[in-house]
Every structure is written in C-alpha cells, then in structure tokens.
Engineer: 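Encoded as structure tokens, here's the structure I'll be asking about.
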Amino acid sequence: MVEPVLELSRREPKGVSMQRTLLNIKPDAVSRNLVGEICRRIEAAGFRIVAMEKTRLTRCEAEFFYHVHRDKSFFEDLIQFMVSGPSVPMVVEGENVIQNLRVLIGSTDPSEAAEGTIRRDMAENVTRNCVHASDSEETASREIAFFFSTRRLLD
Ligand code: IDP
Ligand code: MG
C-alpha cells in the first residue's frame, strides 16, 4: 500500500519527525541565475528536494497564492513582481523542515535578516527577497497542493 504522500517519507528512521514544505524561488532570484546556489544551500543543510519545476504564475494564480495579503499596501507590487518572470517552486523534505527552512531563508526584509541567510546574502529588498517558504504545517499542505499533484510527490 502507498503511504499518504504528505505524511512520512519511506526513508524515515523510526522516531524522527519528517515534514514537507513548499519553497518557491521568486522571479528576482531566477533571473539572476541563483537557482543553483539556493538549491545547494537547501541540500547542504541536509534537506531533500522531492519535486521541483519552473513556471510563470498568472495574475490569477499569484493573487490566489498570496490572498492573505490582499488588503496590504504592498499587495499590488507583490503580485506584479511575482508575475514578472518564472519562479521555481519545490517541495523540500526534512526534519522540522518548515521551521528550519524559515531560518535558512531569513527575515522578510533582507536588511533585517541574519548573516548567512539566503535573503541576507542575495536579496535586493523586502519585495524582491528571492524566496518564499511556507510558515506552518497548514500553509505547507495548502501551498504544496497548489503547485504539485499527488503523483509528483511519490518520491
Ligand atoms: P514572508 O515571505 O517572509 O513569509 P510575508 O509577510 O508572508 O513574508 O509577505 C509575503 C511577501 O510579500 C514577502 O516575501 C515580500 O515579497 C512581500 N512583502 C512583505 N512585506 C512587505 C513590505 O512591507 N513591503 C513590500 N513587500 C512586502
Ligand atoms: Mg509568508
């Protein structure tokens, strides 16, 4: 029987809490050829990339993905930025990966992000900040399902 794909990986040792999260490399990082370096950092931190693609969001898709921010002053700028070129969304698996990837990417505003984080090292400003990562189990499930079908998640 196939396990539920959003549950635990087949490789999981007993007693280790594995999770999956959605990381999206945003158009600024894709256009600056930073996909390889961002993937390298994710793998060097011990996480596994389960599925990945390159895709350009439509306005409708971007508005849906970021609908929690629809009343914010930066919403229109965010949507225009997110549709300006292709993104590279991926599903990343690992121990406590939701919280740990948020640490690896750093604070939303790169000028406030810790040394050595992806946003601190690579991002231009608070909108063009290179990466998105889910912030909870609930958003991870929703955001993985937004980009990837069940059959893409069987690895
Ligand atoms: P997060 O990406 O660190 O989770 P959120 O608050 O969820 O940050 O905001 C989503 C995205 O909206 C950010 O990654 C950034 O691209 C953009 N954003 C957030 N806050 C601002 C802001 O104050 N000015 C401009 N853009 C912002
Ligand atoms: Mg967020």
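Start at 1 and go down the list; that is how both ligands and their atoms are numbered.
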Engineer: Which residue supplies the protein heavy atom nearest to atom 5 (P) of ligand 1, what is that atom called, and how far is it?
Structural biologist: His69 NE2, 3.6 Å
Engineer: Would you mind checking which non-hydrogen protein atom is closest to atom 23 (O) of ligand 1, with the distance to 0.1 Å?
Structural biologist: Phe74 CD2, 3.8 Å
Engineer: Looking at Arg59 and Glu76, is there a salt bridge between them, counting it only when a charged N and a carboxylate O are closer than 4.0 Å?
Structural biologist: yes
Engineer: Inspect the contact between Arg119 and Asp109 and indicate whether a charged nitrogen and a carboxylate oxygen are less than 4.0 angstrom apart.
Structural biologist: no
Engineer: Is it the side chain, the backbone, both or neither of Thr127 that has a heavy atom closer than 4.0 Å to ligand 1?
Structural biologist: both
Engineer: Between His132 and ligand 1, is there a nitrogen or oxygen pair with a distance under 3.5 Å?
Structural biologist: no
Engineer: Run the contact test for Asp135 against ligand 1 with a 4.0 Å cut-off on heavy atoms, strictly below, and give the result.
Structural biologist: no
Engineer: Quick one: do Glu63 and Arg70 make a salt bridge, cutoff under 4.0 Å?
Structural biologist: no
Engineer: Taking both backbone and side-chain atoms of Lys26, is any N or O found less than 3.5 Å from an N or O belonging to ligand 1?
Structural biologist: yes
Engineer: So which of Ile42, Ile144, Val50 actually passes side chain to side chain contact (heavy atoms under 4.5 Å, CB included) with Met90?
Structural biologist: Ile42
Engineer: In terms of residue, atom name and distance, what is the protein heavy atom nearest to atom 4 (O) of ligand 1?
Structural biologist: Arg102 NH1, 2.9 Å
Engineer: Would you find a donor on one side and an acceptor on the other, under 3.5 Å apart, between the side chain of Asn100 and the backbone of Asn96?
Structural biologist: yes
Engineer: Just checking Tyr66 against Phe75, ring centres under 6.0 Å apart?
Structural biologist: no
Engineer: Tell me, which protein residue and heavy-atom name are nearest atom 2 (O) of ligand 1, and how many Å apart are they?
Structural biologist: Arg119 NH2, 3.0 Å
Engineer: Of the backbone atoms (N, CA, C, O) and the side-chain heavy atoms from C-beta on, which set of Arg128 has a member under 4.0 Å from an atom of ligand 1: side chain, backbone, both, or neither?
Structural biologist: neither
Engineer: Is there side-chain contact between Cys130 and Glu124, with heavy atoms separated by less than 4.5 Å?
Structural biologist: no
Engineer: Under 4.0 Å from a heavy atom of Asn129: give me the atoms of ligand 1 that qualify, with their elements.
Structural biologist: 13 (C), 14 (O), 15 (C), 16 (O)
Engineer: Considering only non-hydrogen protein atoms, determine which one is nearest to atom 24 (N) of ligand 1 and report residue, atom name and distance to 0.1 Å.
Structural biologist: Val126 CG1, 3.4 Å
Engineer: Is Met82 touching ligand 1 with its side chain, its backbone, both, or neither, if touching means heavy atoms under 4.0 Å apart?
Structural biologist: neither
Engineer: Could you name the option among Ile105, Asp77, Thr108 that has the heavy atom nearest to atom 1 (P) of ligand 1?
Structural biologist: Thr108
